[in-house]
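Structure, as structure tokens:
Letters A, B, ... mirror the listed sequences (proteins, then strands); counts begin at 1.
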Protein chains: 2
Amino acid sequence: MKPNIHDVAKIAGVSSTTVSRVLNNRGYISEKTKERVYKAMEEINYFPNDLARSLFRKRTNLIGLIIPNSSNPFFGELAFHIESICTQKGYKLLLCNSLNRKDKEEKYLEMLIRNQVDGVIAVTFNRGILDYHKQNLPIVAIDHYLSNHIPVVGSDNYAGGKKATELLLGKGCKHIVHINGPLELETPANLRRKAYEDIMKEHGRQPVTYEVPFHQNYQECISRLFDEQPNADGIFASDDLIAAAVLTEAKKRGKDIPSRLKVIGYDGTETVQSLLPSLTTIQQPIQSISQKAIDILLKAVDGDFNDLPLETYLPVKVLEGETT
Amino acid sequence: MKPNIHDVAKIAGVSSTTVSRVLNNRGYISEKTKERVYKAMEEINYFPNDLARSLFRKRTNLIGLIIPNSSNPFFGELAFHIESICTQKGYKLLLCNSLNRKDKEEKYLEMLIRNQVDGVIAVTFNRGILDYHKQNLPIVAIDHYLSNHIPVVGSDNYAGGKKATELLLGKGCKHIVHINGPLELETPANLRRKAYEDIMKEHGRQPVTYEVPFHQNYQECISRLFDEQPNADGIFASDDLIAAAVLTEAKKRGKDIPSRLKVIGYDGTETVQSLLPSLTTIQQPIQSISQKAIDILLKAVDGDFNDLPLETYLPVKVLEGETT
DNA sequence: CTGAAAGCGCTTACAG
DNA sequence: CTGAAAGCGCTTACAG
């Protein structure tokens, strides 16, 4: 059996109250007692049970993270930064992969509530989440609107879409096509599309947006795009995986990049920079997003609901490779 | 305040014992009572506190996962599968990114112990972990030996190294160079190198292994390789990120692939398949590895230490692209 | 400077 | 079929 605080107390010859005080560095304890307690803890290899502590304190220092899929470079990197910052601040992270399925998100949320997490960071398309807000659970959303009460942190999607489009126009592209995820979803990612469309119109160009099915094999959709848009000389993909699929299709068709077709992606993760450094892309500041999301969440956890910024958009950066 | 079991009991007009019974579907309870209890729970939006439950049961259904970095496609994918399977089996996952630093691994391990996790899955190079085994904490290692008592699950690294080398030889390569991580680490990944060296010798070829620094910018090391090995016509990289860096360097130097240089990697994650589908690589069965690791861990958690397989190596697959 | 007691929110023998 | 009591391993007023 694992030793508990009473075992330590017995060996040190004090009460468990005193052991607890030593553990928490609270109140006055004589140096001698302290030493004896420490020695006893060492002797029997004692580690306090955080479950019991959390139960009493009504504070677990547990944060739940709900993302679609940590296999995806963007979310994997996000999870890394969020976990690292949490640890640094004394919080622990419960990882949840929702696959963007509403039923899974709901189950995860219930699990997190049962486990008494202090707060949740979520990347989700489903507004349903907000129903749980009556639980008084602090939530911060990343990159996707949830409700009017839940703070959102993300990259400046409009600026990103603008930069991407202007870059292609500046390189002389006349027929730029945009590829995006499902358009009916109310996400700031759609601001990338909005920016693209606005800029195109400003330049007297006709915007054309293709919609790829959600997190699936894009290849078919992209192949169709190549068939239907033989004049396309620029493609702005709303994420780097889509952009990579475009490059693959272009190669297959012998369409030289960047001379006959220029391609720009979005996200700019470390993984993409390693595996496909030639890709021009709009880089999201994943670490800053993580930092900001945690700052806001912890403020809410500490009961400071006053000036929670409801929308925070951090600046993006153009990473120019050889595909433009 | 969050409602507790007594609040439910009061509303339903029963004792908390009865509510607990309904919650756990245990013992005989009249249908009427059950209904009343369920209605009361719904009414006040009650969710049981798993902390209290775990404290009593001495079972948290919590698993700790220690990986170097979820940003890395291989570990991100591993985390995804492990989390998914855990959830499916009613377990929750605490994510820890160790950056392969021993001090971090130790801190994480202590944190996991304090949080009463039922078991730990770890990808680590540090044997120190085994010191904690006296805590009686079930641990399964992935891909790296920890000690004689800790089961390891991984891909068949020797077979992988063999297949990679034979593929290059079969394609007519005469001067094959291998690139691996730090060689002093006792890891099964070194079996990839061992296989490479064995096969080379079998074919009367001189093995040449380059060692890249740990999870750093490989580019410099690879550039040196190109300088020092101008005759190299085949490179077997011990992971896909290294292989990608080789491709980048070759491109920079105008060395055509695969005509003048053939390259094969290792891992074959979904991300690499999406971003760099042209890369020939040895694919690890990440899902099977995850499944197996969890099977073994849960067996140990359930106290069945009898026939825990100490070493499990799952078959790898050649994914042939255009770099060979 | 130190200890006895109550309580965090559950579950489980035990008794009826 | 249901309830009172004890206990999981802690922490914190309160008292001395």
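- Ion pairing between a basic and an acidic side chain is recognised when a charged N comes within 4.0 Å of a carboxylate O; A:Lys92 and A:Asp118 show no such pairing.
- Within residues 29-39 of chain A, the residues that have a heavy atom under 4.0 Å from DNA chain C are, in order of number, A:Ile29, A:Ser30, A:Thr33.
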Please write out the pairs of protein N or O atoms and N or O atoms of nucleotides 12-16 of chain C separated by less than 3.5 Å, giving the distance to one decimal.
{"from": "C:dT12", "atom 1": "OP2", "to": "B:Arg26", "atom 2": "NE", "distance (Å)": "3.4"}

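- A search for side chain to side chain donor-acceptor pair (under 3.5 Å) contacts involving A:Arg101 returns A:Asp103, not counting sequence neighbours.
- Judged as a side-chain contact (heavy atoms from CB on, under 4.5 Å), and not counting sequence neighbours, the contacts of B:Ser290 are B:Leu78, B:His81, B:Ile82, B:Ile85, B:Ile286.
- Set against D:dT11, C:dA4, D:dG9, the side chain of A:Ser15 has C:dA4 as its closest nucleotide.
- Taking side-chain N and O atoms only, A:Tyr28 has no distance below 4.0 Å to OP1 or OP2 of C:dG3.
- Judged as a side-chain contact (heavy atoms from CB on, under 4.5 Å), and not counting sequence neighbours, the contacts of B:Lys292 are B:Val153, B:Ile296, B:Thr312, B:Leu314.
- In this view, A:Glu31 and A:Lys34 satisfy the salt bridge (Lys or Arg N to Asp or Glu O under 4.0 Å) rule, not counting sequence neighbours.
- Legend: residues meeting side chain to side chain donor-acceptor pair (under 3.5 Å) with A:Gln284, ordered by chain and number and at least two apart, are A:Ser155, A:Asp267.
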Intra- and interstrand pairs of DNA chain D - dot-bracket, Watson-Crick/G-U under 3.5 Å, | marks other strand: |||.||||||||.|||
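- Sorted by first then second residue, the salt bridge (charged side-chain N to carboxylate O under 4.0 Å, His left out) pairs that include residues 5-22 of chain A, not counting sequence neighbours, number zero.
- In this structure, the salt bridge (Lys or Arg N to Asp or Glu O under 4.0 Å) partners of A:Lys89, at least two apart in sequence or on a different chain, are A:Asp295.
- Taking atom NZ of residue B:Lys58 and atom C1' of nucleotide C:dC10, one finds them 14 Å apart after rounding to whole Å.
- Shown here are the salt bridge (Lys or Arg N to Asp or Glu O under 4.0 Å) partners of A:Arg57, two or more places apart in sequence or in another chain: there are none.
- Between B:Leu51 atom CG and C:dT11 atom C1' the separation is 15 Å, expressed in whole Å.
- Taking atom CG of residue B:Asn4 and atom C1' of nucleotide C:dG7, one finds them 12 Å apart after rounding to whole Å.
- Comparing A:Arg53 and B:Val14 against DNA chain D, the residue whose closest nucleotide sits nearer the 5' end is B:Val14.
- Atom pair B:Gln116:CD and C:dC10:C1' shows a separation of 16 Å (rounding to whole Å applied).
- Residues A:Ile66 and A:Lys104 form no side-chain contact, since every pair of their non-hydrogen atoms from C-beta on lies 4.5 Å or further apart.
- Between the CD1 atom of A:Ile44 and the P atom of D:dG9 there is a distance of 12 Å, given to the nearest Å.
- Here B:Arg114 pairs with B:Glu110 under the salt bridge (Lys or Arg N to Asp or Glu O under 4.0 Å) rule; sequence neighbours left out.
- As a whole-Å value, the separation of A:Asp7 CG from D:dC8 C1' is 13 Å.
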